[in-house]
Number of protein chains: 2
Amino acid sequence: MPKDLADLHVERWRDHWIDISFDDEVEALTVRLLNLARHLREAKQTALVRTDLQDFEYDTLHALMIRDTPGHASPGALAQELGVSNAGITGRLDGLEKKGWVKRMPGADDRRRVDVEVTRAGATVWRKAMSLRGTAEDELASALTRRELVTLNRLLRKLTLHAEESGAPSA
Amino acid sequence: MPKDLADLHVERWRDHWIDISFDDEVEALTVRLLNLARHLREAKQTALVRTDLQDFEYDTLHALMIRDTPGHASPGALAQELGVSNAGITGRLDGLEKKGWVKRMPGADDRRRVDVEVTRAGATVWRKAMSLRGTAEDELASALTRRELVTLNRLLRKLTLHAEESGAPSA
DNA sequence: GACAAACAATTCACCAGCGAAATACTTTCG
DNA sequence: CGAAAGTATTTCGCTGGTGAATTGTTTGTC
């Protein structure tokens, strides 16, 4: 089995910093998780170049579409799900609205609220972008056999459940 | 085995978007990888609150310390390893230099270059921050048995190697 | 030896995001 | 009823990051 960057990282670590003892497996795990996440982000970004969407615009539309009430949400809920501040969402929605991909409607019953709604154009561009993103992910996953993929997911689920007990949500 | 957020994500997905067919396992995998990476970043950030370092300052110092030539680097090399632009590095180094954690020395032989060098204070604060970060990672990894951890790393390595063939480096 | 191309780092103008304050409503309670 | 407390969103000032020039320094090449 050839070495990846995380292996090299750990080896180099040991060479130079023998006085600081870390668990190699744990260190390698975090390096790999971080690197893979970065890879996914970059792959997505590359895929999105073919659309009219910027990275954060896709994320926002995506969060809006995959909710329990697809295509409808309050700014606050989106902010929480996307892990950005309320102020940040306002900015993103300004941009999306200007491009005609979402509309802001005043809340019917409670007029403090705002209902964000995708437009037809918004839904269309989202679908296109999503399928491009999908192929990038499939490409990565193709490195594993089906059995390996299932095993990997099982282990990651265990890790995720542990992490979720203390920290941060969102899908 | 209880469900994690990725399971819920996939279920909800299927309910609402039956016309768009994605591979459930692949979708869950990417959601989990992204969520775990986010968890690690947040855990690190939480840990760093106890130091004088901001997140990106720690990253920069870290990249500077774990190189083959610990404590010495050119701005350009750091930029590449950290995945930020050259302009971005200049800004980070300005901040670190002002706080006295790194020094910029004019390149001896080639005066286009600049040699960035950690100071004693910089190395000290880095070590402190690093040990805090380490405990956060250990905590996460403690969710798995040793055997599981090794298996997970094996599968992730396979994935990483596949990803590295096209895309982005850095440790 | 001089002038163009290549390079490394920095400066510049701009952008997305943040935290805190402001705004605009609604609810609660005296 | 009306004042105070609460909630949802937006505005404001600032910060870290980016890509496109800019500056200063090599390195050809003729």
Side-chain angles (χ1 to χ4, degrees), chain A residues 38 41-42 44-46 48-49 52-64 67 69 72-99 101-117 168 170, chain B residues 38 41-42 44-46 48-49 52-64 67 69 72-99 101-117 168 170:
Chain A
R38 167 140 59 140
R41 267 195 304 281
E42 285 175 1
K44 180 178 64 162
Q45 204 149 15
T46 305
L48 289 184
V49 167
D52 293 333
L53 287 170
Q54 281 178 274
D55 194 65
F56 67 89
E57 292 174 323
Y58 170 77
D59 285 344
T60 312
L61 277 180
H62 192 66
L64 186 54
R67 8 197 40 255
T69 57
H72 289 267
S74 70
L78 287 175
Q80 202 190 333
E81 281 156 35
L82 288 166
V84 305
S85 71
N86 281 3
I89 278 294
T90 297
R92 289 191 183 190
L93 292 178
D94 286 349
L96 289 173
E97 199 166 26
K98 195 174 297 178
K99 291 195 178 177
W101 289 326
V102 304
K103 273 185 305 196
R104 270 190 265 219
M105 311 285 276
D109 50 333
D110 183 341
R111 291 214 305 274
R112 284 171 306 185
R113 289 166 189 260
V114 168
D115 184 49
V116 181
E117 201 183 319
S170 170
Chain B
R38 169 143 56 140
R41 267 196 303 279
E42 284 175 2
K44 181 178 65 163
Q45 203 149 15
T46 306
L48 289 184
V49 167
D52 293 334
L53 287 170
Q54 282 177 272
D55 194 66
F56 67 89
E57 294 174 323
Y58 169 78
D59 285 343
T60 312
L61 277 180
H62 193 65
L64 186 55
R67 355 196 53 253
T69 57
H72 289 269
S74 71
L78 287 175
Q80 201 190 333
E81 281 156 34
L82 288 165
V84 303
S85 69
N86 279 4
I89 278 294
T90 298
R92 290 192 183 190
L93 292 177
D94 287 349
L96 289 173
E97 197 166 27
K98 195 174 296 179
K99 291 196 179 178
W101 289 326
V102 305
K103 272 185 307 196
R104 271 191 264 221
M105 312 284 277
D109 48 335
D110 183 341
R111 289 213 307 271
R112 282 173 306 186
R113 288 167 189 261
V114 168
D115 184 48
V116 181
E117 201 182 317
S170 170

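Note on naming: letters A, B, ... go to the chains in the order of the sequence lines (proteins, then strands), and numbering restarts at 1 for each one.
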In whole angstroms, the gap separating P of D/dT7 from CD of A/Gln80 amounts to 14 Å
Here the distance between atom C1' of D/dA8 and atom CD1 of A/Ile89, to the nearest Å, is 13 Å
Picking from C/dC25, D/dT10, D/dT25, the nucleotide nearest the side-chain atoms of A/Thr90 would be D/dT10
Separation of C/dC15 atom C1' from A/Lys99 atom NZ, nearest Å, is 13 Å
Looking only at D/dT11, C/dG17, C/dT26, the nucleotide nearest the A/Arg92 side chain is C/dG17
Carboxylate-amine/guanidinium contact B/Asp59 B/Lys44, below 4.0 Å: yes
A/Ala79 and A/Asn86 have their tightest heavy-atom pair at CB-OD1, 3.4 Å
From CE of A/Met105 across to C1' of D/dT9 the rounded distance in Å is 17 Å
Against the side chain of B/Ser74, the closest entry in C/dG19, D/dA20, C/dA9 is C/dA9
Of C/dA8, C/dG19, D/dT10, the nucleotide closest to the side chain of A/Ser85 is C/dG19
### Query
Side chains of B/Pro75 and B/Thr90: closer than 4.5 Å at any heavy-atom pair?
no
Exercise. Across the strands shown, which category fits B/Gly76 at heavy-atom distances under 4.0 angstrom: base, sugar-phosphate, nothing?
Worked result: sugar-phosphate
Quick check on B/Arg104: does its CZ atom have over 12 non-hydrogen neighbours (other residues, nucleotides or ligands) under 6.0 Å away? yes
Worksheet entry | Touch class at under 4.0 angstrom, heavy-atom based, for A/Asn86 against every strand present | base
From CD of B/Glu57 across to C1' of D/dG17 the rounded distance in Å is 15 Å
5'-most contact on DNA chain C (nearest-nucleotide basis), A/Ala87 vs A/Asp109, goes to A/Ala87
Checking D/dG17, C/dC7, C/dT10 against the side chain of B/Pro75 (C-beta onward), the nearest is C/dT10
note: A/Leu78, atom CG; C/dG17, atom P; distance rounded to Å ~ 13 Å
Per atom distances to the A/Val84 side chain, the nearest of C/dG17, D/dT26, D/dT11 is C/dG17
Here the distance between atom C1' of D/dT23 and atom CZ of B/Arg113, to the nearest Å, is 17 Å
In whole angstroms, the gap separating C1' of C/dT10 from CZ of B/Arg111 amounts to 17 Å
Exercise for the section: Would you indicate what B/Gln54 reaches in the nucleic acid, counting non-hydrogen atoms under 4.0 angstrom: base, sugar-phosphate, or nothing? Expected result: sugar-phosphate
Against the side chain of B/Phe56, the closest entry in C/dC12, D/dT25, D/dG17 is D/dG17
Taking atom CG of A/Asp52 as the centre, report whether more than 12 heavy atoms of other residues, nucleotides or ligands fall under 6.0 Å from it.
-> no
With the side chain defined as heavy atoms from C-beta on, B/Arg112 is closest, among C/dG19, D/dT26, C/dT10, to D/dT26
